[in-house]
Amino acid sequence: MPGSRWSGHPRFLLAFRLLAALLASMPFLFLVSNIAAQSLGPDPGQEVTELLGLAAFQLLIATLCMTPLKRWTGWSGWIRIRRMLGLFAFFYATLHVLAFLQFILGWTDLWVTFTKRPYIVAGALSFLMLIPLALTSTQGMMKRLGRSWKQLHKLVYPSIVVAWVHFIWQARSDVGEMVFYGLAILVLLAVRWKWAGSRGMIPFVRG
Amino acid sequence: MFIKKRPSWALSQSEITPESVYLNRRQFMSGSVAVAAGLSIPGLLPAAELPVQGKSLNFVPMPDYSTAEEKTPFKDVAQYNNFYEFGTGKGDPARYAEEMTVDPWSLGVEGECEQPGEYALEDLLKPHEYQERVYRLRCVEAWSMVIPWIGVPLADILKRLQPTSRAKYVYFETLHDPDQMRGQRSLFSTIDWPYQEGLRMDEAMNELSFLAVGLYGKTLPKQNGAPIRLVVPWKYGFKSIKSIVKIRFQEERPETTWEMIAPQEYGFYANVNPEVDHPRWSQKRERRLPSGLLSPNWMETVKFNGYGEQVAHLYKDMDLRKFF
Ligand code: HEM
């Protein structure tokens, strides 16, 4: 039983969570150190915006990896860091949007930008869906919402798909990176679809 | 209005950022990249040092064709590039363009002209005196630079090739060699290499159109389109094709790379025009580089990038919303 081995030890779990937090903070530390060193190149506003967007996207994908990892390894430690990763994703997404408004837009042309530019509309949709998830991420909210908490948090799937659309719509010519992330998302969604399918067929098994 | 005589206080050659300063910055940068090799992609800028590049050139400054605006420092001009032959990141060209051989170099001249043939670069340039022109460069992505180019007016070279009366357009092509250009090896690129561009004959013959072989007094860094590139300062940067290997005079309008990929976004003319938005970026303003985080260097974009006096007549009877 995994739970009875060292992997279930509270100290090990704590170390694991700290390590995850450190990894998830890397993009932020990277940004701060480069801003301090003024080494973001001649167009730092654009760089900061792109870095934050990518960090949000990657962390969202990481968040979606946790449940499959738990199922495949049988170790519940993965689930213990899932909320933290999701909140990190939201943290980066929020900074990404603020960076865009401040550095790229300068708070002008808001209406045209958010109505006429499809890739921005996609980004905004993705962000809007993340907001209720972040707000209901606490233990208290989880208890209070009960079954509907799970329903609500399925919003993460459309959110990540729309974020991917946001990503590929800004590709100028080379879509290699987007295809790579797209495949990762596809696998993560397919896994859930398969689980849902098997649940449907064997009604007594709860997933 | 925007081309001013160079005043006596204009920046001189000696005020270019010394190489040692930016090399130190590079070293600092590679340190912080190593620290933060986490989830993000530490590929913003080349982590390695940039080799000192360029042979000094003799040239005549052309104050009448130069803006007195503050120049973008060499380190930015040479390290912040769109040259997708070497990758789509802004730092990729500086990192990978070393893999391209630019000497020897030859250009094929074809089509409607009296002097077709394969020209060694030196032979094409030999009769001409180099000029220095400080032009604004406006990228379609809403950033801009001010760059002191060294080169020859395009018209001077085209005239020597003696276009015939059937030559209505000039077509240009960039080197296509996946062995030297890693971006051309990418499986997921939507660009149908080689990169190609074109100008209407009267645009090509305009006094502003320029073939650059250098910048900041020295031969072009490879990432800036060595050994020879076009500079058409009133059009978005992608018209200014780099590392040219072919010039063709033709009667029909050439197809151009970006137009072929996304005709609703990039037109053949691609004149800088704040009144016509790109679907993804507003073209009303631009960030003049280098820009800062706390003090972003925003400015209003001017029609024809401020060169209307020289070029507006070329488009007198055209609807520039349609022919964008
Ligand atoms: C109101 C919401 C949003 C706005 C206005 C916005 C805006 C932008 C802008 C302007 C860029 C740079 C585009 C370019 O110049 O090429 C960008 C890039 C990006 N954004 Fe967003 N975004 C939003 C939400 C999001 C969200 C929620 C995510 C992910 C969860 C996201 C992920 C990305 C990614 C992955 C990139 C590409 C970064 C790269 O080039 O490496 N964005 N976004």
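Numbered from 1 within each chain, the chains take letters A, B, ... in sequence-line order.
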Engineer: Relative to chain B, which of P118(A), A171(A), G45(A), G106(A) shows the most heavy atom pairs under 4.5 Å?
Structural biologist: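 Sorted descending by pairs with chain B, the first entry is A171(A).
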Engineer: Begin with the C-alpha distance, continue with both residues' side-chain angles, and end with the deciding distance and a verdict on side-chain contact (heavy atoms from CB on, under 4.5 Å) for R285(B) and T108(A).
Structural biologist: CA-CA 10 Å; R285(B) 301 192 304 161; T108(A) 61; 3.5 Å; yes
Engineer: Return the option, out of D76(B), L294(B), N297(B), L293(B), with the maximum number of heavy-atom pairs under 4.5 Å with chain A.
Structural biologist: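 Sorted descending by pairs with chain A, the first entry is L293(B).
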Engineer: Considering only heavy atoms, which portion of E141(B) lies under 4.5 Å from any heavy atom of chain A: side chain, backbone, both, or neither?
Structural biologist: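 For E141(B), the side chain is the part near chain A, not the backbone.
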Engineer: Which bit of D43(A) is near chain B, if near means a heavy-atom gap under 4.5 Å: side chain, backbone, both or neither?
Structural biologist: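 Its backbone and side chain both get close to chain B.
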Engineer: Determine whether S282(B) and R117(A) satisfy the following criterion, side-chain contact (heavy atoms from CB on, under 4.5 Å), listing intermediate values before the conclusion.
Structural biologist: CA-CA 9 Å; S282(B) 164; R117(A) 315 228 184 278; 3.6 Å; yes
Engineer: Which pair of non-hydrogen atoms, one from P44(A) and one from S291(B), has the smallest distance, and what is that distance?
Structural biologist: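 Between these two residues, the closest heavy atoms are CD-O, 3.0 Å.
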Engineer: Any idea which of Q170(A), K116(A), M178(A) has the most non-hydrogen atom pairs under 4.5 angstrom with chain B?
Structural biologist: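 Looking at each of Q170(A), K116(A), M178(A) in turn, Q170(A) comes out on top.
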Engineer: Could you state the interatomic distance from CD (Q46(A)) to CG (L289(B)), rounded to the nearest 0.5 Å?
Structural biologist: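 It is 10.0 Å, given to the nearest 0.5 Å.
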Engineer: Who in residues 174-191 of chain B is close to chain A, using a strict under-4.5 Å heavy-atom cut-off?
Structural biologist: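 Interface residues of residues 174-191 of chain B: S186(B), F188(B), S189(B), T190(B), I191(B).
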Engineer: Can you say whether V179(A) sits under 4.5 Å from chain B via the side chain, the backbone, both, or neither, judging by heavy atoms?
Structural biologist: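 Contact with chain B is through the side chain of V179(A) alone.
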Engineer: When only heavy atoms count and the cut-off is under 4.5 Å, which of residues 271-278 of chain B reach chain A?
Structural biologist: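 From residues 271-278 of chain B, the residues near chain A are D277(B), H278(B).
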Engineer: Any side-chain heavy-atom pair from P42(A) and W143(B) closer than 4.5 angstrom?
Structural biologist: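 Counting from C-beta outward, P42(A) and W143(B) never come under 4.5 Å.
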Engineer: Is E47(A) salt-bridged to K90(B), going by a charged N under 4.0 Å from an acidic O?
Structural biologist: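 Result for this pair is no, no salt bridge flagged.
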Engineer: Going from CZ on R172(A) to OH on Y266(B), what distance comes out if it is rounded to the nearest 0.5 angstrom?
Structural biologist: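 Separation between the atoms: 6.5 Å.
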Engineer: So which residues of residues 94-105 of chain A are in contact with chain B at a heavy-atom cut-off of under 4.5 Å?
Structural biologist: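 Checking residues 94-105 of chain A against chain B gives F103(A), I104(A), L105(A).
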Engineer: Report which part of T88(B) has an atom under 4.5 Å of a heavy atom belonging to chain A: side chain, backbone, both, or neither.
Structural biologist: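 Contact with chain A: side chain only.
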Engineer: Of all the residues in residues 125-137 of chain A, which have a heavy atom that comes within less than 4.5 Å of a heavy atom in chain B?
Structural biologist: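 Answer by number: none.
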Engineer: OG/S173(A) to CG/D192(B) distance, rounded to the nearest 0.5 angstrom?
Structural biologist: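 Taking OG in S173(A) and CG in D192(B), the distance rounds to 12.0 Å.
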Engineer: With a 4.5 angstrom heavy-atom cut-off, could you sort out which part of T113(A) is near chain B: side chain, backbone, both or neither?
Structural biologist: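 Neither part, no heavy atoms under 4.5 Å.
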Engineer: Taking atom CG of L110(A) as the centre, does the number of heavy atoms from other residues, nucleotides or ligands within less than 6.0 Å exceed 12?
Structural biologist: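 Enclosed: over 12 neighbouring heavy atoms sit under 6.0 Å from CG of L110(A).
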Engineer: Please look at R280(B) and chain A and tell me whether the side chain, the backbone, both or neither of the residue comes under 4.5 angstrom of a heavy atom of that chain.
Structural biologist: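 Contact with chain A involves both backbone and side-chain atoms of R280(B).
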